[in-house]
Amino acid sequence: MKTTKRILRCAIAASALISTSIFASSWQDSLSSAANELTKSTTTSGQSSTSLSSLTSLLNGSTDALSASNMNNAAGILQYCAKQKLASVTDAENVKNQVLDKLGLSSAEQKQDTNYLDGIQGLLNTKDGQQLNLSNIGSTPLAEQVKTKACDLVLKQGMSFIS
């Protein structure tokens with residue numbers, strides 16, 4: 001009888017250890033997968049998500065990485081920022097309209113200007129020759145900070161252009 005109880009206890013203990021090991025392994029795999037998703041650039045359904053390190057470098061980098069290369073694109077970005085509520089709607093709209101007036105872009109010309117149209121879609125053509133898609137960099141707090149910084153820089157660009 002003692003031997004049977006001892007075997008039963010050993011079986012229960014072994015079962016508990018195995019199930020704990022399997023759970024820990026599954027948990028570790030889930031954590032590892034989540035960490036990989038945060039640190040790598042992924043593409044899903046045609047939209048790319050910017051990596052954590054890329055966002056950090058944009059946030060801490062030069063202003064050229066988040067400033068528009070031309071005022072037509074800046075005006076479009078201001079429209080995007082106002083629509084997404086990433087900048088004061090009143091300020092962004094006001095500056096955008098003044099920039100467009102100073103550029104002499106009528107509404108018909110706006111519809112044909114690729115730089116302006118890129119900006120409306122959130123495509124920032126930067127001073128350093130890159131294109132940053134603000135719509136696709138994600139919605140993490142860090143991504144939102146990058147978007148807000150870009151909108152602030154472009155708003156300052158627009159204000160200095162109309163001054």
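- Residues Phe161 and Tyr80 fall within the same hydrophobic cluster, defined by Ile, Leu, Val, Met, Phe, Trp and Tyr side chains chained together at heavy-atom separations under 4.5 Å.
- For Asp113, the side-chain hydrogen bond (donor to acceptor under 3.5 Å, both in side chains) criterion is met by Asn72, not counting sequence neighbours.
- Applying the side-chain hydrogen bond (donor to acceptor under 3.5 Å, both in side chains) definition to pairs two or more places apart or across chains, those involving residues 143-163 are Glu144-Lys147.
- For Ser57, there are no side chain to side chain contact (heavy atoms under 4.5 Å, CB included) partners, not counting sequence neighbours.
- Contacts of Thr126 classified as side-chain hydrogen bond (donor to acceptor under 3.5 Å, both in side chains), with partners at least two apart in sequence or in another chain: Asp128.
- When the side chain to side chain contact (heavy atoms under 4.5 Å, CB included) test is applied to Cys81, the partners found at least two apart in sequence or on another chain are Ile77, Leu86, Ala87, Cys151.
- Residues Ala75 and Val99 share a closest heavy-atom pair of CB-CG1, 4.0 Å.
- No donor-acceptor distance shorter than 3.5 angstrom exists from the side chain of Asp64 to the backbone of Lys127, with no hydrogens or angles considered.
- Note that CG of Leu153 is 6.0 Å distant from CG of Leu66, once rounded to the nearest 0.5 Å.
- Cluster annotation: Val95 is connected to Leu134 through the hydrophobic network of ILVMFWY side chains, with a link wherever side-chain heavy atoms come within less than 4.5 Å.
- The CG atom of Asp118 sits 5.5 Å away from atom CD of Gln131, with the distance rounded to the nearest 0.5 Å.
- Hydrophobic clustering, with ILVMFWY side chains joined whenever heavy atoms are under 4.5 angstrom apart, groups Leu155 together with Leu124.
- For the pair Glu109 (side chain) and Ser106 (backbone), a donor-acceptor distance under 3.5 Å is present.
- Summarising the geometry, atom CD1 belonging to Ile137 is positioned 10.0 Å from atom OG belonging to Ser54; distances are rounded to the nearest 0.5 Å.
- Distance check: Met159 CE to Asn94 CG gives 9.5 Å after rounding to the nearest 0.5 Å.
- Sequence neighbours left out, the pairs with a member in residues 80-97 that pass salt bridge (Lys or Arg N to Asp or Glu O under 4.0 Å) are Glu93-Lys96.
- Remark: Gln121 pairs with no residue by the side-chain hydrogen bond (donor to acceptor under 3.5 Å, both in side chains) rule, at least two apart or across chains.
- Residues Leu100 and Tyr116 form a side-chain contact, since some pair of their non-hydrogen atoms from C-beta on lies under 4.5 Å apart.
- Under the side-chain hydrogen bond (donor to acceptor under 3.5 Å, both in side chains) criterion, Asn97 pairs with no residue, sequence neighbours left out.
- Hydrophobic cluster membership is shared by Leu132 and Met71, with clusters built from Ile, Leu, Val, Met, Phe, Trp and Tyr side chains linked at under 4.5 angstrom.
- Asn125 and Asn70 form no side-chain donor-acceptor contact under 3.5 Å, judged by distance and modelled atom types alone.
- The shortest heavy-atom contact between Ser139 and Ala143 is N-CB, 4.2 Å.
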